[in-house]
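In this chain, residues are counted from 1 in sequence order. Here the structure is a predicted model, which is why all the values come from computation and not from measurement.
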Amino acid sequence: MTMNIQSENFLDAANSALENSQRARTRNALGQSTPLKRAAAVERFGDFEALRRHVKKIRQHSLDNLDHYLQTFEHQALARGNQVHFARTGRELNARVLEICNQHQARKVAKGKSMVTEETELNDQLQAAGLEVIETDLGEYIIQLAGEKPSHITGPALHKSESEIAALFMEKHTLPERELDTADAMVSEARVVLREHFLSADVGIIGANALVAATGDSMLVTNEGNGDLCASLPGVLIVCTTIDRIVPTLDDAAATLRLLARSTTGQAISCYTSFYSGPRGESDPDGPLETHFILLDNQRSDVLASDYREMLHCIRCGACLNHCPVYVAAGGHAYGSVYPGPMGSVLTPLLTSLEQSHMLPNACTSCGRCAEICPANIPLPDLLRDLRRDEHEKQLSATRWRLGIGLHGHLARSPQLYHWLTGVAIKLLHKLGRKKGFFRRLPLASGWTQARDFPTPQATTFMRQFKDQNKQDHD
């Protein structure tokens, strides 16, 4: 089973997103505020770079010895009374979850936030089988009510304004007349509605930010506590995550946590960080009676064996999205994938195929901000360039683009011809546009001129001006 993606429409979807001025303002605010919060948290921490290097070594070591640590985790988890399942594909994960629900004659499922189950489209499968599935993370709950997909990997409903959320709650919640004119009022209403679902759920499903091999624990990071309620109140708990979330020790999980919280929200630590070790013991007052871990591969083994293995170092913090000018401009839905932004532009083609999603590696300005701030030190711009190279070699891009790149490459290898042609073009554009000072339309430049005017260039190229200035300085 592969992810359901529509990335071939990226350009059209991005153009549509730019036309929605309200959401564009929301994204711009995100692109301005979250980098400042992260920068402040990094400065307060001290030697953040040393921690990045340390966690990169942890991730590298864990993946280099993945078989060993998965076996160790399974042994420790089984010893604590858990059941451990491995799923090769998303279809296998969905089938295993449904089987567990059917074994317990479950009717309602309370879910914590989980990108893995978004990837496998678990909700659709469970609902098709007649189960009621309630997303309990506030952002996920909002977009579930709206019938939408997440627009961000850590803030699924960041694209929605307060007024949109208030209108949605008024429409979907059968409650007496009330005012929803503040964020506090909306959060309080969601808490009241979701509380009943927590108490009546038969099965709880959560994700995991890390699996600890040495102890058989899973670590979950949230800011709302909904994950704890999903894990503790229903009689059955299912933890869905991927094989690459494994780390050797609790100390390694803690090091990852110190990076994760600061990179995601600028917090020193999240409000809730929980470790789940197994089902309720005889002396425990609460907790699930039965716990299952389902560990998904879904192409991760292939990625691990490829030149793109560093992408598996990703800790899903979302920092690269927050700093990416393309993501901030276009929004997450334009990518047509569960994983948007720079990390998604690399990961989606690897988990599906480049043929399906070759537009995504081109959603990049090569500014390098994603690599600068990635807590796992993933060379995202390099991986994106490599995917574009693969796209070119497979002739997946439009013919006009390949011809244009080929022509540019030929000119770049012929400096004299390049300088002569650009000099002629500059003079011609200067002559044609000097009266107005700009062009509203230009052949072969519609991607620019449909959104902004093209300024009239000066009469000579920069290189010519540079040479002339050097000559004057030496005369």
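Residues passing the salt bridge (Lys or Arg N to Asp or Glu O under 4.0 Å) test with Glu148 are Lys160, sequence neighbours excluded. Listed by chain and residue number, Gln22, Arg23 satisfy the side-chain contact (heavy atoms from CB on, under 4.5 Å) test with Asn20 (two or more places apart in sequence, or in another chain). Under the side chain to side chain donor-acceptor pair (under 3.5 Å) criterion, Gln395 pairs with no residue, sequence neighbours left out. In terms of the salt bridge (Lys or Arg N to Asp or Glu O under 4.0 Å) criterion, Arg44 has no residue partners (sequence neighbours excluded). Every residue two or more places apart in sequence or in another chain was checked for a side-chain contact (heavy atoms from CB on, under 4.5 Å) with Glu372, and none qualifies. With sequence neighbours left out, Lys172 forms a salt bridge (Lys or Arg N to Asp or Glu O under 4.0 Å) with no residue at all. Residues that satisfy the side-chain contact (heavy atoms from CB on, under 4.5 Å) test with Asp284, not counting sequence neighbours, are Arg280. In this view, Arg309 and Gln60, Leu63, Asp64, Leu304 satisfy the side-chain contact (heavy atoms from CB on, under 4.5 Å) rule, not counting sequence neighbours. For Thr273, the side chain to side chain donor-acceptor pair (under 3.5 Å) criterion is met by Ser270, not counting sequence neighbours.
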### Task
Let me see the working for Ser161 and Ile165 under side-chain contact (heavy atoms from CB on, under 4.5 Å), right down to the final yes or no.
CA-CA 6 Å; Ser161 65; Ile165 297 170; over 6 Å; no
### Query
Can you list the steps and then say if Glu224 with Thr222 is a side-chain hydrogen bond (donor to acceptor under 3.5 Å, both in side chains)?
CA-CA 6 Å; Glu224 300 170 23; Thr222 70; over 6 Å; no
### Query
Hey, mind stepping through His104 and Glu290 against side-chain hydrogen bond (donor to acceptor under 3.5 Å, both in side chains) and telling me if it holds?
CA-CA 10 Å; His104 294 273; Glu290 187 173 303; 2.9 Å; yes
### Task
Please assess Leu180 against Glu189 for the test side-chain contact (heavy atoms from CB on, under 4.5 Å), listing each intermediate value before the final yes or no.
CA-CA 9 Å; Leu180 288 179; Glu189 179 164 307; 3.4 Å; yes
### Task
Would you please test Asn123 and Glu135 for side-chain hydrogen bond (donor to acceptor under 3.5 Å, both in side chains) and show each step?
CA-CA 9 Å; Asn123 287 11; Glu135 293 286 354; 2.8 Å; yes
### Task
Under the side-chain contact (heavy atoms from CB on, under 4.5 Å) rule, what do Arg27 and Arg25 come out as? Steps first, then yes or no, please.
CA-CA 5 Å; Arg27 293 193 300 271; Arg25 286 193 295 270; over 6 Å; no
### Message
I'd like to know whether Leu350 forms a side-chain contact (heavy atoms from CB on, under 4.5 Å) with Met311, so could you lay out the CA-CA distance, the side-chain angles of the two residues, the decisive distance to 0.1 Å, and finally the verdict.
### Response
CA-CA 9 Å; Leu350 300 178; Met311 194 59 231; 4.2 Å; yes
### Message
Between Lys111 and Thr117, does the side-chain hydrogen bond (donor to acceptor under 3.5 Å, both in side chains) criterion hold? Intermediate values first, please.
### Response
CA-CA 10 Å; Lys111 283 183 77 261; Thr117 58; 3.1 Å; yes
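Within the structure, side-chain hydrogen bond (donor to acceptor under 3.5 Å, both in side chains) contacts touching residues 205-219 (residues at least two apart or in different chains) are Arg80-Asp217, Thr215-Asp217.
No donor-acceptor pair closer than 3.5 Å links the side chain of Lys149 to the backbone N or O of Ser337. Looking at Arg369, its side chain never comes within 3.5 Å of a backbone N or O of Cys324 through a donor-acceptor pair. Asn9 places no side-chain N or O within 3.5 Å of a backbone atom of Asp12 that could act as its donor or acceptor partner. Remark: side-chain polar atoms of Asp297 are not paired, donor with acceptor, to backbone N or O of Phe86 under 3.5 angstrom. The backbone N or O of Leu78 lies less than 3.5 Å from no partner atom in the side chain of Asn82, so there is not a single donor-acceptor pair. Judged purely by atom type and a 3.5 angstrom limit, Arg38 uses its side chain to pair as donor or acceptor with the backbone of Ile373. A distance-only check finds a donor-acceptor pair linking the side chain of Thr89 to the backbone of Glu92 [under 3.5 Å].
In this structure, Tyr69 has its ring center under 6.0 Å from that of His61.
Between Leu321 and Met343 the shortest side-chain heavy-atom distance falls below 4.5 Å.
Atom CD in Gln356 sits 11.5 Å away from atom CG in Leu396 (nearest 0.5 Å). Here the CZ atom belonging to Arg59 is positioned 8.5 Å from the CD1 atom belonging to Ile378, to the nearest 0.5 angstrom. Atom OG of Ser397 is separated from atom NE2 of His358 by 7.5 Å, given to the nearest 0.5 angstrom. For the atom pair OH (Tyr308) and CG (Leu387), the distance works out to 4.0 Å, reported to the nearest 0.5 Å. Residue Arg385 holds its CZ atom at 7.5 Å from SG of Cys364, rounded to the nearest 0.5 Å.
Atom CD of Gln105 is surrounded by 12 or fewer heavy atoms from other residues, nucleotides or ligands within 6.0 Å.
Across Ser16, Pro340, Pro150, Ser151, a single residue satisfies side-chain contact (heavy atoms from CB on, under 4.5 Å) together with His333, and that is Ser151. Partner of Val133 under the side-chain contact (heavy atoms from CB on, under 4.5 Å) criterion, chosen from His197, Gln125, Gln127: Gln127.
Below 30°, between 30° and 60°, or above 60°: for His292 and His85 the angle between ring planes is below 30°, a parallel geometry. The aromatic rings of Tyr141 and His173 lie parallel to each other, their planes meeting at an angle below 30°, with 60° marking the opposite boundary.
Minimum interatomic distance between Leu360 and Gly344 (heavy atoms only, all atoms of both residues): CD1-O, 4.2 Å. Lys56 and Asn377 get closest at one heavy-atom pair: NZ-O, 3.1 Å. The two atoms that bring Pro361 and Arg388 nearest to each other are O-NH1, 2.7 Å, heavy atoms only.
Remark: the Tyr339 side chain and the Glu119 side chain contain an N/O donor-acceptor pair separated by less than 3.5 Å.
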In residues 241-256, what donor-acceptor pairs under 3.5 Å come from side-chain atoms, sequence neighbours left out?
unit_1 : atom_1 : unit_2 : atom_2 : d
Thr241 : OG1    : Ala208 : O      : 3.4
Thr242 : OG1    : Asp244 : OD1    : 2.7
Arg245 : NH1    : Cys314 : O      : 3.1
Arg245 : NH2    : Cys314 : O      : 2.8
Thr249 : OG1    : Asp251 : N      : 3.4
Thr249 : OG1    : Asp252 : N      : 3.2
Thr249 : OG1    : Asp252 : OD2    : 3.0
Asp252 : OD2    : Thr249 : N      : 3.2
Thr256 : OG1    : Asp252 : O      : 3.0

Check residues 225-239 and write down every donor-acceptor pair under 3.5 Å in which the side-chain atom is one partner and the other belongs to a residue at least two apart or another chain.
unit_1 : atom_1 : unit_2 : atom_2 : d
Asn226 : ND2    : Thr136 : OG1    : 3.0
Asp228 : OD1    : Ser274 : OG     : 2.6
Asp228 : OD1    : Tyr276 : OH     : 2.5
Asp228 : OD2    : Ser274 : OG     : 3.1
Ser232 : OG     : Asp228 : O      : 2.8

